[in-house]
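None of these values were measured; they are calculated from a predicted model.
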Amino acid sequence: MKHIESTSEQPCRILIADDEPLVCELMQFNLEKEGFEVDVFRNVDEAYQADLPNYNLFIIDVMMNDMMGMHFAHHLKQTKSTTSIPLIFCTACDGENDIINGLNSGADDYILKPFSMKEMIARVNAVLRRHRMSPPPRRQKCLPAVT
């Protein structure tokens, strides 16, 4: 399968919605170091205000404000302009039913806290590859999907 090259490649934009400041800082620092553009929102209400269709990936904590992360993810997957944007849950909810429910709700991956930054970055790249946005090394760019 061949990717269509775009003359105006856009940097991959990632939205992180998580209420743990240290986790957000670590993810943002490491993803930006890999060349992604990252916006962090510490609660769902703030994330709803973002220009959601302009992101290439959502990373969401399930347990923000009493399961609001799951509601936010449901909203993203039910909204026409964001339904095809990949989503990763990054959460401490580690029960088998939690993971199954997360994946069945439309998540493309489910990362358990605590996690390795190297593994998180590998999973982000894998999800983007599966969505035909294969980012080249370093300054991460997203290519349009093959049609």
Side-chain angles (χ1 to χ4, degrees), residues 1 3 9-146:
M1 206 178 316
H3 291 285
E9 291 178 358
Q10 298 296 313
C12 277
R13 294 188 67 210
I14 299 174
L15 179 145
I16 296 173
D18 193 312
D19 60 355
E20 295 181 50
L22 183 57
V23 171
C24 290
E25 251 181 67
L26 288 169
M27 284 195 291
Q28 184 174 22
F29 174 81
N30 283 283
L31 288 166
E32 286 178 348
K33 189 172 142 186
E34 292 295 313
F36 295 102
E37 284 187 10
V38 180
D39 294 322
V40 173
F41 298 92
R42 299 241 167 82
N43 65 61
V44 172
D45 293 331
E46 289 178 8
Y48 274 116
Q49 303 305 311
D51 191 8
L52 299 173
N54 286 319
Y55 287 94
N56 304 102
L57 176 67
F58 301 113
I59 300 176
I60 302 170
D61 182 9
V62 172
M63 291 301 293
M64 287 185 299
N65 304 343
D66 224 14
M67 298 295 285
M68 289 301 295
M70 188 64 79
H71 295 288
F72 181 51
H74 180 73
H75 167 78
L76 293 169
K77 290 302 175 183
Q78 297 303 313
T79 302
K80 186 176 182 180
S81 62
T82 56
T83 191
S84 64
I85 298 172
L87 183 148
I88 298 174
F89 280 123
C90 184
T91 182
C93 296
D94 63 352
E96 180 180 30
N97 285 335
D98 296 319
I99 297 167
I100 291 168
N101 289 336
L103 293 170
N104 285 339
S105 73
D108 296 274
D109 203 348
Y110 197 97
I111 300 173
L112 295 174
K113 293 178 182 176
F115 55 87
S116 148
M117 282 297 156
K118 288 180 182 180
E119 179 183 350
M120 190 264 307
I121 290 167
R123 287 174 178 266
V124 163
N125 284 320
V127 166
L128 291 172
R129 264 194 319 276
R130 285 194 299 268
H131 282 268
R132 297 189 194 108
M133 295 179 194
S134 303
R138 299 314 290 143
R139 190 70 194 151
Q140 303 289 354
K141 303 286 183 185
C142 286
L143 301 176
V146 176

Would Ile60 and Val44 count as a side chain to side chain contact (heavy atoms under 4.5 Å, CB included) here? Give the steps. CA-CA 9 Å; Ile60 302 170; Val44 172; over 6 Å; no
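- Surrounding NE2 of His75 are more than 12 heavy atoms belonging to other residues, nucleotides or ligands, all under 6.0 Å away.
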Is there a side chain to side chain contact (heavy atoms under 4.5 Å, CB included) between His74 and Ser105 once you walk through the steps? CA-CA 7 Å; His74 180 73; Ser105 73; over 6 Å; no
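- Contact check for Phe115 versus Cys90: side-chain heavy atoms found under the 4.5 Å cut-off.
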Please lay out, stage by stage, how Phe58 and Leu52 fare under the test side chain to side chain contact (heavy atoms under 4.5 Å, CB included). CA-CA 9 Å; Phe58 301 113; Leu52 299 173; 4.0 Å; yes
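- Judged as a ring pair (Phe, Tyr, Trp, His ring centres under 6.0 Å), and not counting sequence neighbours, Phe29 has no contacts.
- Residue pairs satisfying the salt bridge (charged side-chain N to carboxylate O under 4.0 Å, His left out) criterion with at least one member in residues 113-125, sequence neighbours excluded, are listed as follows: Asp18-Lys113, Glu20-Lys113, Asp61-Lys113, Asp109-Arg123, Glu119-Arg123.
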For Asn43 and Met64, what are the C-alpha separation, side-chain angles and deciding distance, and is it a side chain to side chain contact (heavy atoms under 4.5 Å, CB included)? CA-CA 7 Å; Asn43 65 61; Met64 287 185 299; 5.5 Å; no
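- For the residue pair Asp98 and Asn101, no side-chain donor N or O sits within less than 3.5 Å of a side-chain acceptor on the partner.
- Scored by the side-chain contact (heavy atoms from CB on, under 4.5 Å) test, Asp108 finds Lys77, Pro86, Leu87, Val127, His131 as partners (sequence neighbours excluded).
- A distance of 14.5 Å separates CG of Asp19 from CZ of Phe41, quoted to the nearest 0.5 Å.
- Nearest heavy atoms, Ile16 versus Gln28: CD1-N, 4.2 Å.
- Side-chain N/O atoms of Tyr55 and Asp39 include a donor and acceptor closer than 3.5 Å.
- Between Met63 and Cys93, the closest heavy-atom pair is CG-SG, 3.2 Å.
- Within the 3.5 Å criterion, the main-chain N or O of Leu76 finds no donor-acceptor partner in the side chain of Thr79.
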